[in-house]
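Whatever order the structure lists ligands and atoms in, that order sets their numbers, starting from 1. Source: prediction; values computed, not measured.
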Amino acid sequence: MNEPNHTAVVADPWPAPLATASLDATATIPGSKSLSNRYLILAALGADPVRIRGLLRSRDTDLMMNALRALGVTCREDADDPTTVTVTPPPNGVFTGCTEVYCGLAGTVMRFVPPLVLFADGPVRFDGDEQAYARPMEPLLFGLKQLGAHVEYHGQEGCLPFTVTPPKKLGSADGKPIKIRVDSSSSSQFVSGLLLAASRIPGGVLLRHTGRTLPSLPHIRMTMEDINAAGGDVTMPERGRWLVQPRDLDLPRTVTVEPDLSNAAPFLGAALIAGGAVRVPNWPAHTTQPGGLLPSMLHKFGATITLDGEPFDEINDCEMFNDDFSGTLCVTGDGSIHGLGELDMSAAGELAPSVAAIATLADGPSQLVGIGHLRGHETNRLQALVTEIERVGAHAEELDNGIAIEPVADDELHGAVMETYADHRMATFAAMLGLRIPGIEVRDVQTTRKTIPDFTGMWAAMLAQHR
Ligand SMILES: O=C(O)C1=C[C@@H](OP(=O)(O)O)[C@@H](O)[C@H](O)C1
Ligand SMILES: C=C(OP(=O)(O)O)C(=O)O
């Protein structure tokens, strides 16, 4: 249950640096949280050790490794490189029960680990940060109940903390896929969590999403691609329906994690806000990360985008998606930012705080829609964004399914101490505003450790590289 100590000392509130010159920077972004935690889960579900290279080392991945360790999985980092970790599954694939897992505030831990209890030899209790008690969990646990698990809540019904007890017998009696129905409209992670475990269920699983909307489809496609890369057989015969055939899962002996493209957003966005160029190396030309949508969003704001020197306009999405190719993405801004009008962000909700920061400094209004489920993220992000945008003197309002942002002239914006609500993306959002608005200070900037080990160091390094 213990978490590792993080010791770096940073002033609180942290004075966000102002950009006083246009940028000419390269930012190397650590590994993807979503891919890191999927590879850890899939490696734990396999039979043989898997070496994961470029693993993100941050609070969410440390929580995931500790969760797996509690279940009898060995996660051993290389002595000379903590981002290379070898995962060895438990003997016979049986996870250790009668234990506890601490989820922190990590959606990928609280939604991807409980399904592993289906293969445990006893009950597992799950707990997390107090703020995690407000995050939706019930649809995932309803899915597990349909697979025969027993769930006991220790606080509010449908929320952390809870205990999952494995079924006495797993899988259908007739050898056909078990049919389960889950409403995943409040988080794609319910579908992903169930799919990740489903290959190991005798007879497999037919999963149907029952809600009206389904956010973060790229993240579900990421789950499918990773399962299939591990020898699984998962298909989506139609939107909102997945068929998982029973299969042994074994990732390749070594897998390499792509950089976290969503965490690239504040850095690339800085080129628009401060003006100048920011480059991110190892940008994958093919990716299931929703951050793959970032170049086109930044382009709409008015940025010039190149990949290995090729203009973005001339990069045909299909041709560019050659699996083996990765290059340096370069975003250049001239200090002007166009309002977006209405932008559907349902596929990439985790980019919304960064996009909102840029939109706050634009020359016209933006409405980011399709993201009502952000109310159940680390904090109620729609409410938090409105409060913090208003705090610096611009205007914003909550919509049913998103946020409307009404920028004001730069001289009407003013510094403030920004709240972050234990939300890493609210901290990076505030840092982005601080590039242009003098006097921005950020409370608890260390909350960025959820997915970035040294955000303030990387931010300072970017600003030190200017024209
Ligand atoms: O599966 C994943 O790795 C994630 C899915 C998304 O969750 P939601 O569908 O809840 O937004 C995303 O926002 C989160 O940061 C990571
Ligand atoms: C929503 C997010 O995280 P989580 O994986 O905790 O859901 C996020 O990182 O923006």
Salt bridge flag under 4.0 Å for residues Arg57 and Asp62: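 Yes, Arg57 and Asp62 are salt-bridged.
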
Distance (rounded to the nearest 0.5 Å) between Gln383 CD and Glu398 CD: 5.5 Å

Separation between OG1 of Thr379 and CD of Gln131, rounded to the nearest 0.5 Å: 5.0 Å

By number and element, which atoms of ligand 2 are closer than 4.0 Å to a non-hydrogen atom of [X]?
{"X": "Ala106", "answer": "6 (O)"}
{"X": "His424", "answer": "8 (C), 9 (O), 10 (O)"}
{"X": "His377", "answer": "1 (C)"}
{"X": "Leu105", "answer": "6 (O)"}
{"X": "Arg381", "answer": "1 (C), 8 (C), 10 (O)"}

Aromatic ring pairing Tyr153/Phe162, orientation class (parallel under 30°, perpendicular over 60°, tilted between): perpendicular

Option among Arg59, Glu350, His424 that satisfies the side chain to side chain donor-acceptor pair (under 3.5 Å) test with Thr451: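 Result: among Arg59, Glu350, His424, His424 is the only option passing the side chain to side chain donor-acceptor pair (under 3.5 Å) with Thr451.
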
Sub-4.0 Å heavy-atom approach of Thr451 to ligand 2: no

Shortest reach to atom 2 (C) of ligand 2 by a heavy atom, considering only Glu378, Lys450, Gln189: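 It is Glu378 that holds the nearest heavy atom.
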
Stepwise side-chain contact (heavy atoms from CB on, under 4.5 Å) check, Leu23 with Leu463: CA-CA 7 Å; Leu23 300 171; Leu463 282 154; 3.9 Å; yes

Please check if any side-chain donor atom of [X] sits under 3.5 Å from a side-chain acceptor atom of [Y], or the reverse.
{"X": "Thr287", "Y": "Glu258", "answer": "yes"}
{"X": "Ser58", "Y": "Asp60", "answer": "no"}
{"X": "Ser192", "Y": "Thr223", "answer": "yes"}

Show the atom names and distances, to 0.1 Å, of all donor-acceptor pairs under 3.5 Å that link a side chain in residues 241-248 to residues at least two apart or in another chain.
{"residue": "Arg241", "atom": "NH1", "partner": "Glu238", "partner atom": "OE2", "Å": "2.8"}
{"residue": "Arg247", "atom": "NH2", "partner": "Asp233", "partner atom": "OD2", "Å": "3.3"}

Backbone or side-chain N or O of Arg135 under 3.5 Å from ligand 2 N or O: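 Yes, there is a polar N/O contact under 3.5 Å.
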
Gly107 N/O to ligand 2 N/O under 3.5 Å: yes

Closest approach of any protein heavy atom to atom 5 (O) of ligand 2, naming residue and atom: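 Sorting protein heavy atoms by distance from atom 5 (O) of ligand 2 puts Lys33 NZ, 2.8 Å first.
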
Top protein contact for atom 10 (O) of ligand 2, by heavy-atom distance: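 Scanning the protein heavy atoms, the shortest distance from atom 10 (O) of ligand 2 goes to Arg425 NE, 2.6 Å.
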
Heavy-atom neighbours of Phe142 CZ exceed 12 at 6.0 Å: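 Atom CZ in Phe142 is not packed in, count stays at 12 or less.
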
Every residue of the protein that comes under 4.0 Å of ligand 1, judged on heavy atoms: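 Within the 4.0 Å shell of ligand 1, which is judged on heavy atoms, sit Lys33, Ser34, Arg38, Thr108, Phe112, Ser187, Ser188, Gln189, Ser216, His219, Glu350, His373, His377.
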
